[in-house]
Amino acid sequence: MKIATWNVNSLKVRLPQVLDWLAANPEVSALCLQETKLEDRNFPRAEFEQAGFSVAYVGQKTYNGVAIIARETLGEVVVNIPGFVDEQKRLIAATLGGVRLVCAYIPNGQSLDSDKYAYKLEWLAALTAWLKAELVRYPKLALLGDYNIAPEDRDVHDPVKWEGMVLVSPEERAAFRALTGLGLQDAFRLFEQPQKTFSWWDYRGFSFQKNAGLRIDHILLSPELAQSCTGCEIDRQTRKHERPSDHAPVVATLKN
DNA sequence: ATGGCATGAGTATCATGA
């Protein structure tokens, strides 16, 4: 099976692209979406179900919103981080064929001196604490999503330019390492990868054409899943579409 | 260069993103 994550930056705008992408990638068993920006009553459930998918989603107006689209029935759906009071809709988890899928839209943080940055670090701490317990319950666990963290300088097109900015700060990178410290492994880094492979490019300044991007969308795998992972790729083709999302899908292949 | 796009809410601009 393949599992994937894609920040679509409005599912209303990107729904045709998502359906096309799922049709073009039939090996993808589950696709995690972020920034759907839709209240639940406006989620295009019928469109996905008519195309044969099972869906789990939670969203809000204008901002955030996450969903899992799967080819088989999703079970054990959990919304938000249990025990963490949060107005924002940024996390949904579900089980598919014995694999626990956690779909997360980690806060951006805006800037290092922002309240949103403090919220980002609190959110990450709560996520890490919850996942520690979740990993005991579910040895086959994947955390997929928009992390809004470039884990290392090689994940940044111009590390000097980005120094002191959100997404690359030492605290955020330490929070990412706290996740890998639970035993989770970055699927992308399990394999040899081309230099300067990114998952996000700013809409402004021809960033995609210049490949001025960041790798901030990730799939982390529990030890048992990492063992079965045979590949991980970023599908930058989607960024060439008309009205593209600024993020590209990340896809991991799992055996069995 | 605190802009540069894009999206949504709402109908002029503003908040947010990364």
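Throughout, protein chains are lettered first and strands after them, A, B, ... in sequence-line order, and every chain is numbered starting at 1. Owing to the predicted nature of the structure, the values given are computational and were not obtained by experimental measurement.
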Verdict with reasoning, Phe188(A) to His218(A), per side chain to side chain contact (heavy atoms under 4.5 Å, CB included): CA-CA 8 Å; Phe188(A) 186 79; His218(A) 309 294; over 6 Å; no
Remaining members of Phe198(A)'s ILVMFWY cluster at a side-chain heavy-atom cut-off under 4.5 Å? Trp201(A), Phe208(A)
With clusters built from Ile, Leu, Val, Met, Phe, Trp and Tyr whose side-chain heavy atoms come within less than 4.5 Å, directly or transitively, what are the remaining members of the cluster of Val136(A), listed by chain and number? none
For the pair made of NZ in Lys210(A) and C1' in dC5(B), what is the distance, rounded to whole Å? 13 Å
Salt bridge (Lys or Arg N to Asp or Glu O under 4.0 Å) filter on Glu47(A), not counting sequence neighbours, yields none
Not counting sequence neighbours, list each pair that qualifies as a salt bridge (Lys or Arg N to Asp or Glu O under 4.0 Å) and has a residue in residues 227-240 of chain A. none
Atom P, compared across dG10(B) and dA6(B): separation rounded to whole Å: 23 Å
Please write out which residues are connected to Leu33(A) in a hydrophobic cluster, directly or through intermediates, given that two of Ile, Leu, Val, Met, Phe, Trp, Tyr count as joined at side-chain heavy-atom separations below 4.5 angstrom. Trp6(A), Val8(A), Leu11(A), Leu15(A), Val18(A), Leu19(A), Trp21(A), Leu22(A), Val28(A), Leu31(A), Leu38(A), Phe43(A), Phe48(A), Phe53(A), Val55(A), Tyr57(A), Ile69(A), Val251(A)
Per-nucleotide protein contact along nucleotides 9-18 of chain B, 5' to 3', at a 4.0 Å heavy-atom cut-off (B base, S sugar-phosphate only, - neither), is S-----BSSB
Can you check the distance between dG4(B) and dG17(B), where both ends of the measurement are the C1' atom (answer in whole Å)? 14 Å
Pairwise P distance for dT7(B) and dA18(B), with rounding to whole Å: 13 Å
Pick the P atom in dT13(B) and in dA1(B), then give their distance to the nearest Å. 28 Å
For dG8(B), does OP1 or OP2 lie under 4.0 Å from any side-chain N or O of Ser10(A)? yes
Which residue, Phe206(A) or Leu11(A), contacts DNA chain B at a nucleotide closer to its 5' end, judged by nearest heavy atom? Phe206(A)
Is the phosphate of dC5(B) approached by Arg243(A) (side-chain N or O, under 4.0 Å from OP1 or OP2)? no
In whole Å, measure the gap between the P atoms of dG3(B) and dG8(B) for me. 23 Å
